[in-house]
Structures are given as C-alpha cells and as structure tokens.
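Treat the numbers as computed from the prediction; the structure is a model and nothing was measured. Quick note on labels: first sequence line is chain A, next is B, and so on, each numbered from 1.
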Amino acid sequence: MEDTNLYQFTDLDSLDTLFAWANEAIEQEDNPVRSLTFIAEEKPKAVFASNSPTGFSVDIDDRGEFLKLSLTRRIQGSGEDYNEDGYKFLSGTVYVFSNEDTDAYTAFAVSDREFFNQAVQRYIQGLPPSVSTSFLSTDELQQLLNKLSDDINGNLYVTKGVTKSPVGDTEVKYFDNSRYFELFNLEEVSQQNSYVDKIEFELRQSRHKFSGQLSRKGASRYVSGNQSIYFKKILPSLATLLSKKGELFNDKAREYGTREAETIEITYDEGAIKGREENIRLINALEGLKRSSITVYHKNPYMHASILDYEDGTNADVFLTSDRRVSIVPGFNASRKSLSRICDRINQGFLEGEVIEGQNRSKDPEEYFVKG
Amino acid sequence: MTGVSGQNQYERCVEEAFAEFRAYDEVVDIVAAWEQFLSDISVASAFDFQWFPDPITTDTGAERAPTFTASLTSEYGIVADVIQELDSDAQDFRDRLAPLTAVDTGDVAYDGISPETVDVCLLIASEQAQAARVHLDSFEDGVLQTPNVIPLEFSLIDQDTTPKYKFERMSLVGENFRDKSLPTHARMSPRVSTDGELASIQISISDFDRHKATGVLCNKQPPSLYLACHMWDRVFYDQLNDSQQIEWRREDPDQTLTFEIEADSLADKLNDSYIPNGSVNSAWVNDTLDYLCVVETAEKLTDTRYRIQFRNLSEKRREYKDVVVRGGEFSDLAMLFAGWHCENEVELERGDLDKLTEPTESVGATDSEDYTQPTIGEF
C-alpha cells in the first residue's frame with residue numbers, strides 16, 4: 001500500500017496521527033480499515049518477535065504508541081495467482097495498538113478482504129495461547145451499539161445483518177430504513193433460534209457521518225466517516241467487552257496436585273433447553289470443534305463430556321446438567337484461548353447464553369431433602 | 001472372522017464395553033454427589049471425605065474396600081458401599097457385606113480421632129432394591145444392627161429438567177442415621193423418618209459436576225476403556241517434552257508424537273498430580289496400557305514400559321462400519337477406542353492378538369530421546 005495521503009509514513013509517530021492517516025487512507029483508497037481486536041497476556045511485540053507461525057514472516061517497527069508490522073504470508077496452491085513454484089504471497093502493513101485500561105489490542109490494515117482474512121487474522125490466530133481472540137454474544141453486540149447510540153448525536157441504522165443458526169444456516173438480511181435494534185428484534189434472533197454474526201451500520205440524522213461493520217469475533221470495519229467514532233468510541237467499547245469476556249477465561253487452569261477447580265457457566269432462561277435430545281445436540285456441537293476430540297462419559301439424562309484441544313493440550317469437562325445451564329470445568333494447563341474457543345463453539349453450535357463465573361455449589365442442608 | 005457372526009461379536013463386545021463404562025461412571029457420580037451433600041451438612045472443622053478408603057478386614061481375613069468413607073463430626077462417620085449388582089444367593093450377599101459390618105470406628109478416623117459412632121450406608125440401585133430387601137430381611141441374627149446398617153435405594157429422576165440422584169430409605173422403622181452430633185438443621189435422621197414424611201435425599205448433577213470432574217475414579221479398578229480415555233484426554237499431552245509440544249502447536253497437529261513411559265511412574269503421576277490422594281495402582285495402569293496396545297495406539301516394550309503413539313485420533317473404522325452401536329448418534333474417543341479394541345478382539349487370531357501385548361523389547365530411538373543429533377538437512 002502506498003502512503004500517498006497527507007500524512008506520510010514518516011509522520012506517523014502517535015496514535016492521533018495514525019488515526020488521521022487511516023481516515024485519509026480510506027477516503028483515497030477503495031479499501032476500508034479492517035481490524036481485529038484481540039487479547040494478549042504479555043506485550044504483543046515480544047510475542048510477534050519470538051513466534052512466527054508457519055508460512056508467515058514479519059518485520060516489526062516500534063513507533064512508541066503503536067507497532068507497525070510488515071506482514072507477509074506465503075500460501076501454497078495452484079492457479080493463476082500462484083507462481084511457478086506453486087506459491088503466492090500476501091503482503092501488507094498492519095498497525096497494532098493497545099486499548100487503554102484493557103488487555104485488548106487492535107490490529108488493523110487498510111486492505112482488501114484477502115490480506116485481512118488470510119494474512120492478518122490467520123497470523124493472530126496462529127500465535128501461542130498467550131494471544132487469543134474472543135467473541136461477543138448477540139446481547140453484547142447490542143449492548144455495544146446501545147452505548148454507541150447513547151454516546152453520539154444522531155441515529156444508527158442497520159444496512160445489512162448476517163445471522164446464523166446453531167445448525168449452520170446463514171442468512172444475510174438487507175435493510176433500507178431500519179434502526180439497528182430491529183436486527184436484534186427479528187423473531188429468530190429474539191427467540192434465540194439464530195445469533196447475530198455481523199452487523200453493518202451507518203449513522204444518520206447527525207452532523208457526523210459514519211459507516212462501519214462489527215462481527216461477533218471481534219473483527220470490525222471502518223468504511224467511511226468520522227474517525228473518532230471508530231477509534232475513540234467503537235473500538236474502546238469493543239475492547240472493553242472482549243477484555244471482560246476474556247477475563248472469565250483467564251487463570252482458570254487447575255493446579256496439579258489439588259482438586260481445587262473453578263468453573264465457567266453458560267446460563268439460559270429457565271426451560272430454554274428442552275428434552276434429552278439436547279444432550280446429543282450439545283455433543284454434536286462439541287464434536288464440531290476443530291482440532292479437538294471429545295469423550296462422552298454420560299449422555300443421558302444429563303451430559304458429561306471431556307474435551308481435549310489438540311491445539312495446545314487444553315482439557316476441560318463440559319456438563320449439561322439442567323434446562324438452564326452448561327458448566328465447564330477447566331483442566332490442568334487450560335488456556336484462555338482454548339476455553340474461549342470451547343465456549344464460543346457452544347454458543348454458536350448449541351445455544352447462545354450468558355457466560356459467567358461458576359457459582360459456589362454449596363447449599364443449605366434443607367434443600368437436599370424432599371418430602372414424599 | 002468376518003460376516004454376520006463377526007458383526008454380532010463386535011456389537012456385543014462394544015455394548016459390553018459401554019455397559020461397564022456406564023456402570024463405573026455411575027459410581028463416580030454417586031461418590032461425587034455424596035461428597036457435595038455431606039460437605040454441606042457436616043461440621044466443617046471435622047469434615048473429611050475419602051474417595052479411596054483402605055479395605056476393611058474381618059477377623060477371618062475377608063476384606064472389602066468401601067466405596068467411600070466420611071467423617072461428619074468429631075463423633076460421627078459414615079462408611080458407604082454402592083451396590084449395582086446383587087448376589088442371587090443371600091449368603092453370598094451376606095459374605096460380601098461382612099467386612100463392612102466389621103467396621104471399626106478407627107477405619108473412619110480423621111486427624112487421629114476415631115468417631116464414637118459409625119454407620120454403614122448401603123446405596124443400592126433401585127432395580128436391585130427389592131431383592132436386596134428380601135436378602136437383608138433373611139438375616140436373622142442382628143447383623144444389620146451391629147453396627148448400624150442403613151440401606152438406601154437410589155435412582156436418577158427429573159430427567160427432563162434438572163436430573164438428580166434420589167436416595168430413599170428402604171424401611172419405615174429402624175435403619176436410620178445415628179447423626180445426633182450434627183447440628184439440628186443438618187441432621188438426616190429426622191427428615192428421612194416417618195415423622196419427617198420419609199423425605200428422600202436428592203442431589204442434582206449440577207451440585208456435584210465439579211467434584212466428578214476432579215474426582216475422576218472411584219475405589220475400584222476402572223474398566224480399561226474408562227482409564228484410557230482419562231489418560232489420553234488429561235495426562236498424555238503433558239508427557240510430551242517441550243520441543244514436542246512446540247512442534248505440536250506449530251506444525252501439523254495430526255502427526256503422531258511418541259513418548260515412552262513406565263507404568264509405575266505413570267501410576268505415581270496420576271496419584272500425585274492428576275487424581276490427588278488417588279489410589280491408582282500400577283496394575284490398573286498396566287492393564288490400561290495393554291488395552292491401548294490392542295487399540296494399536298501403544299506398543300509394549302517391556303513388561304512395564306510402553307511407547308505411546310499420541311495423535312489426534314479420527315474415525316477410520318475398517319471392518320464393521322455399518323454396525324450401529326451406542327445409538328450411533330456420535331463417535332467420540334471412547335467409541336473409537338472401544339471400536340478398534342473390539343475389532344481386533346473379533347478379527348485377530350488369538351496368537352496375533354496376544355502379540356500386541358507381548359513386550360517387543362525394542363531399543364529404537366523415540367522422539368523424546370536424543371535431540372542433540374541433527375536430522376538430515378537440519379543444521
């Protein structure tokens with residue numbers, strides 16, 4: 001990408017100049033800002049410098065308030081895009097900055113979809129477990145937009161929405177003149193038969209312009225309009241929500257030699273999980289987790305399975321014990337990245353619920369005794 | 001041996017494997033459930049719960065390891081045994097109970113203090129309860145009074161909403177807990193009595209899921225399939241050395257990585273790290289590793305040393321792919337192990353099957369050995 005706009009590359013020495021440059025870049029190029037907000041347990045620079053996922057090369061330029069990465073991915077294949085050795089190269093510049101008061105970072109590029117999806121996202125996902133992506137539930141996506149709507153002048157309108165059902169049906173919906181919350185009020189979404197995967201929205205009836213997109217996986221786009229809305233409102237909110245969600249999965253690994261264990265729970269409305277066939281549905285959802293295997297200890301009337309994530313050796317026990325709760329007991333060495341992956345899979349492939357810290361199991365003695 | 005007869009044998013083999021697997025898992029459930037229940041009614045400072053109590057021995061040398069024991073107060077403890085299958089002969093049943101009724105208060109000592117009162121609690125599967133009652137009633141010499149034996153029948157109820165184990169007294173009079181040393185609000189005896197309208201004890205799965213996940217095994221040898229799944233899921237990844245783990249993460253996770261392990265040392269690791277205060281003995285581990293040899297994911301090097309071939313297993317059933325077992329709704333690790341194990345059990349000649357569990361005494365290099373020598377092309 002050429003730095004042809006007013007802010008030359010050498011001028012970029014602060015976040016404010018970087019954001020202003022991005023604003024000009026998207027006006028001059030056909031591409032939007034595409035970003036992925038992720039969580040890192042240590043400064044990402046050290047992780048980038050000491051780990052190189054297979055097929056990637058990266059040069060790091062530390063600019064103080066942000067990192068500038070020259071990222072290249074080599075992909076093997078065939079066809080006209082590939083050279084005579086059977087490779088093609090995706091190269092571009094990626095900017096990484098820290099979101100204040102969170103352990104979330106945002107990596108962005110002004111690029112086409114292929115570089116962002118195949119190079120930027122795959123690179124972040126290929127890093128060790130100390131770097132992880134997270135996800136937002138439908139409710140959390142709506143919360144983010146509610147807050148944005150409250151914070152800015154004007155009204156947010158949805159222009160396009162992507163919803164998915166647990167069995168993998170994807171629907172793309174287009175809107176002309178609908179406020180953002182109408183996507184969330186769709187019957188299949190409010191009845192929890194589908195979850196919101198992406199929302200494309202724009203600001204109207206305002207002195208500012210803005211158009212962008214958000215996804216449940218923490219990816220977002222800044223297509224046009226006011227840069228502060230994107231960099232100072234949307235991304236900080238996204239970072240806060242993802243970071244808060246990521247905290248739930250942090251330090252949950254059991255210690256060897258003790259039976260102390262913390263749990264993570266996904267809770268639902270009472271009666272939301274109906275019938276024993278739901279056990280099989282949950283097993284099937286867990287079987288859909290890539291690079292993992294499951295062992296089913298109990299399938300009926302309750303469900304207990306153990307999962308082994310082959311990506312980093314994380315193990316966890318998953319229980320479906322009532323009509324309103326799935327609980328996850330992390331094993332030894334359980335990583336935040338993997339626990340997030342498992343929870344995300346349950347939310348996507350089984351049913352979206354609220355992810356919370358496990359509750360204390362102790363009860364009053366009275367509650368164990370039932371007359372008759 | 002292919003064809004219908006082979007298919008039938010295969011199907012029966014898999015069904016038997018899962019019947020044992022389920023039965024064992026049910027006992028683990030019950031121990032975990034009582035651990036949570038008793039911890040909530042006990043005096044915290046005196047509470048102790050043993051998943052792996054030592055066997056109790058009679059004067060004549062008969063012995064039986066209870067399923068679990070618990071200290072509830074400094075004066076009161078429980079010895080419990082889960083009964084899923086019943087001896088058809090009353091005398092056999094009596095002989096089985098004899099070591100339990102020979103319990104000494106010292107068997108439930110906690111912190112060096114023996115309680116004054118110990119009750120023996122028999123937790124009997126509801127389908128066996130009636131026959132067990134007949135047997136128990138046939139014992140005429142007061143064996144159930146000294147010490148106090150409390151038979152409770154159990155079943156799994158509320159299967160569509162909040163599944164829970166229900167434990168009910170099996171008589172209207174006598175056979176009750178002697179739990180006067182518990183605080184009034186926590187006593188079981190008044191509630192399960194006729195005055196308490198014969199309340200049952202009900203323990204939801206969600207009360208004890210954490211205890212089950214961390215308790216893992218109960219106080220008897222697990223089916224090899226059960227322990228194999230546990231070790232594969234929770235233990236083997238840790239046995240890879242650092243460079244293997246890095247290689248695993250960075251490269252193709254479908255590759256096979258091998259490591260060698262001694263059964264004794266693996267049993268020690270299980271008891272120290274994975275099932276703290278566990279009582280896994282090396283014979284259980286040996287049997288399980290032999291099982292994995294038949295599954296062909298391990299190789300027996302010596303009588304006690306094995307080479308594990310750890311990889312992301314996936315379905316590749318060969319002979320009986322059309323046989324529907326276990327409902328056919330999913331194919332998990334347990335199904336893969338059981339399927340491959342039974343396939344070899346059914347298909348291989350006895351001599352070939354035995355060879356799988358005979359030591360090869362191989363001295364070949366393994367991935368976990370010498371990393372100092374460069375491989376071809378590596379400098």
- Task: Check each of B:Leu227, B:Leu217, B:Leu225 against B:Tyr24 using the side chain to side chain contact (heavy atoms under 4.5 Å, CB included) test, and report the only one that passes.
- Result: B:Leu217
- Item | A:Thr314 portion near chain B, given a 4.5 angstrom heavy-atom threshold | neither
- Item | Heavy-atom proximity to chain A below 4.5 Å, by part of B:Asp25 | side chain
- Distance only, no hydrogens: is a donor on one side chain within 3.5 Å (strictly under) of an acceptor on the other, for B:Ser126 and B:Ser155? no
- Of all of A:Ile307, A:Leu320, A:Leu308, A:Leu286, which one pairs up most often with chain B through heavy atoms under 4.5 Å apart? A:Leu308
- Quick check: does any side chain N or O of B:Asp332 sit under 3.5 Å from a backbone N or O of B:Met335, one acting as donor and the other as acceptor? yes
- Task: Please determine, among A:Tyr368, A:Tyr302, A:Tyr256, the option with the most heavy-atom pairs under 4.5 Å with chain B.
- Result: A:Tyr368
- Message: Which one wins on heavy-atom pair count under 4.5 Å against chain B: A:Ser322, A:Ala261, A:Gly126, A:Pro301?
- Response: A:Pro301
- Heavy-atom contact with chain B under 4.5 Å, split by part of A:Glu278: neither
- Task: Would you kindly say whether B:Gln245 and B:Asn241 are connected by a side-chain donor-acceptor distance under 3.5 Å?
- Result: no
- Structural part of A:Val370 lying under 4.5 Å from a heavy atom of chain B: both
- Item | Proximity breakdown for A:Ile283 and chain B, heavy-atom pairs closer than 4.5 Å | side chain
- Item | Exercise: do A:Asp59 and A:Ser70 side chains pair donor with acceptor under 3.5 Å | no
- Which bit of A:Asp312 is near chain B, if near means a heavy-atom gap under 4.5 Å: side chain, backbone, both or neither? both
- Among B:Gly278, B:Pro163, B:Pro183, residue most engaged with chain A (heavy-atom pairs, under 4.5 Å): B:Pro163
- Message: If you count heavy-atom pairs within less than 4.5 Å of chain A, which of B:Gly215, B:Ser39, B:Ser204 leads?
- Response: B:Gly215
- Item | Atom group of A:Thr295 that falls short of 4.5 Å from chain B, counting heavy atoms | both
- Note on the structure: Of the listed A:Glu270, A:Lys363, A:Glu265, the one with the largest count of heavy-atom pairs under 4.5 Å with chain B is A:Lys363
- So which part of A:Asp323 gets closer than 4.5 Å to some heavy atom of chain B, the side chain, the backbone, both or neither? both
- Task: Answer with yes or no whether the side chains of B:Tyr274 and B:Asp238 bring together a donor and an acceptor at under 3.5 Å.
- Result: yes
- If you tally heavy-atom pairs under 4.5 Å against chain A, which of B:Asn271, B:Leu240, B:Asp207 wins? B:Asp207
- Interface moiety of B:Leu156 toward chain A, non-hydrogen atoms closer than 4.5 Å: side chain
- Side-chain (A:Asn347) to main-chain (A:Cys343) donor-acceptor, under 3.5 angstrom: yes
- In terms of heavy-atom pairs under 4.5 Å with chain A, the winner among B:Leu198, B:Leu333, B:Ile41 is B:Leu333
- Message: With a 4.5 angstrom heavy-atom cut-off, is it the side chain or the backbone of B:Arg210 that approaches chain A, or both, or neither?
- Response: both
- Determine, using ring centers only, whether B:Phe37 and B:Phe167 are less than 6.0 Å apart. no
- With a 4.5 angstrom heavy-atom cut-off, could you sort out which part of A:Arg325 is near chain B: side chain, backbone, both or neither? side chain
- Message: What I want to check is whether the side chains of B:Gln244 and B:Asp242 have a donor and an acceptor closer together than 3.5 Å.
- Response: no
- Message: With chain A as the partner, which of B:Phe236, B:Phe208, B:Trp232 has the greatest number of non-hydrogen pairs under 4.5 Å?
- Response: B:Trp232
- Query: Does the separation of the ring centres of B:Tyr226 and A:Tyr297 fall below 6.0 angstrom?
  - Reply: yes
- Query: Do you know which of A:Ala305, A:Gly275, A:Ser293, A:Ser306 has the most heavy-atom pairs with chain B at a distance under 4.5 angstrom?
  - Reply: A:Ser306
- Message: Need one label for A:Asn333: side chain, backbone, both or neither, based on atoms under 4.5 Å from any heavy atom in chain B.
- Response: side chain
- Message: Using heavy-atom distances under 4.5 Å, tell me whether B:Asp158 contacts chain A through its side chain, its backbone, both, or neither.
- Response: neither
- Cut-off 4.5 Å, heavy atoms of chain B, and the answer for A:Phe332 is side chain
